[in-house]
Amino acid sequence: MLVITTNTELNSFLGTIKKKLNLGLVPTMGALHSGHISLVKKAINENDYVVVSIFVNPTQFNNKEDLEKYPQNLDEDINLLYTVSDKIIIYAPPVSEVYQNKIAPKKFNFQGLDLVMEGEFRDDHFDGVGTIVEMLLNLIKPNNAYFGEKDFQQLQIIKKLTEIQNIPVNIIGCPIVREPHGLAMSSRNERLPSQIRKEASIIYNTLKAAKEKFGTKSAKVIKEWVIKTINDNPNFKVEYIEISDVQTLQPVIRKQKGKKYRAFIAAYTVDVRLIDNIALN
Ligand code: PAF
């Protein structure tokens with residue numbers, strides 16, 4: 001398995017393989033878990049080679065402490081990927097290779113997709129995501145790029161990014177992978193004490209119950225119920241719960257026939273912020 005840390009090295013390697021072959025990209029921030037591995041396996045099945053990027057992108061963190069505490073273990077990630085396939089190329093650049101002297105995000109117009117939910121609570125987050133993903137897509141020029149639906153808003157924004165920046169690539173969304181108790185897999189879960197990690201199933205269980213209610217109850221009633229149910233557990237605090245159109249990501253006022261909706265949630269437990277979502281219809 002090849003581990004590459006500079007753009008020049010990556011370019012010269014891609015020059016030797018690209019011609020007629022299909023290339024997949026799985027962008028990650030490392031601390032790999034089964035959710036990432038499910039993306040990598042899908043990418044391997046659908047491409048001749050797969051680049052897995054491992055880069056903790058500073059410009060998408062609105063909170064300095066979250067960046068400092070973000071789990072990093074490159075050696076473990078490399079060892080794990082080594083067990084998956086020999087068709088993987090790891091691209092793990094240092095911050096200086098990506099941002100040279102200026103660690104700042106580019107500004108994008110995501111046509112409102114970035115102004116709600118995560119965008120409302122995390123200033124500049126999606127500009128930071130757009131900056132790194134655009135750079136990776138332009139550098140690697142994959143045929144297909146894979147993103148998890150746990151970050152569903154990010155997935156829709158990356159689709160918009162490729163449209164507004166004219167980047168020729170298929171953006172492929174992959175289902176959420178969950179821990180045995182139901183918590184959506186995330187690198188941040190490593191920071192949870194084991195009891196809280198089990199109790200965090202309250203988030204997914206509440207979303208599943210919200211889905212049951214969606215046929216008969218209004219979005220307002222469901223959202224109030226979700227907040228009360230989760231906040232009744234003193235270990236958890238809802239930051240937002242939203243029921244939104246999957247295309248526009250705008251909150252539903254009145255449900256419309258033929259439209260698809262999802263419930264989106266962010267909640268704090270100890271000092272870790274967890275997000276999740278579920279398709280409602
Ligand atoms: O979803 C993530 O891990 C990150 O936001 C991504 C897409 C790798 C960009 O840094």
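When reading the values below, keep in mind they use all heavy atoms of this one structure, side chains included, and skip hydrogens, waters and symmetry mates. Sequence positions, counted from 1, serve as the residue numbers for this chain. Indexing begins at 1, ligand by ligand and atom by atom, following the structure's order.
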Check whether the side chains of Q153 and E118 place a donor and an acceptor atom closer than 3.5 Å, and report yes or no. no
Item checked: Steps toward side-chain hydrogen bond (donor to acceptor under 3.5 Å, both in side chains) verdict (E46, N144) -> CA-CA 8 Å; E46 296 176 358; N144 304 303; 5.4 Å; no
Sorted by chain and residue number, the salt bridge (Lys or Arg N to Asp or Glu O under 4.0 Å) partners of K102 (sequence neighbours excluded) come out as none
Ionic contact status for K220 with E224, cut-off 4.0 Å
yes
Do any nitrogen or oxygen atoms of ligand 1 lie under 3.5 Å from a protein nitrogen or oxygen, and which ones?
from, atom 1, to, atom 2, distance (Å)
ligand 1, 1 (O), Q154, NE2, 2.8
ligand 1, 5 (O), Q60, NE2, 2.9
ligand 1, 5 (O), Q154, OE1, 2.7
ligand 1, 10 (O), Q60, OE1, 2.6

Are any of the side-chain nitrogens in K69 or D271 under 4.0 Å away from the carboxylate oxygens of its partner?
-> yes
Could R191 and D66 be called an ion pair, given the rule that one side-chain N must be under 4.0 Å from one carboxylate O? yes
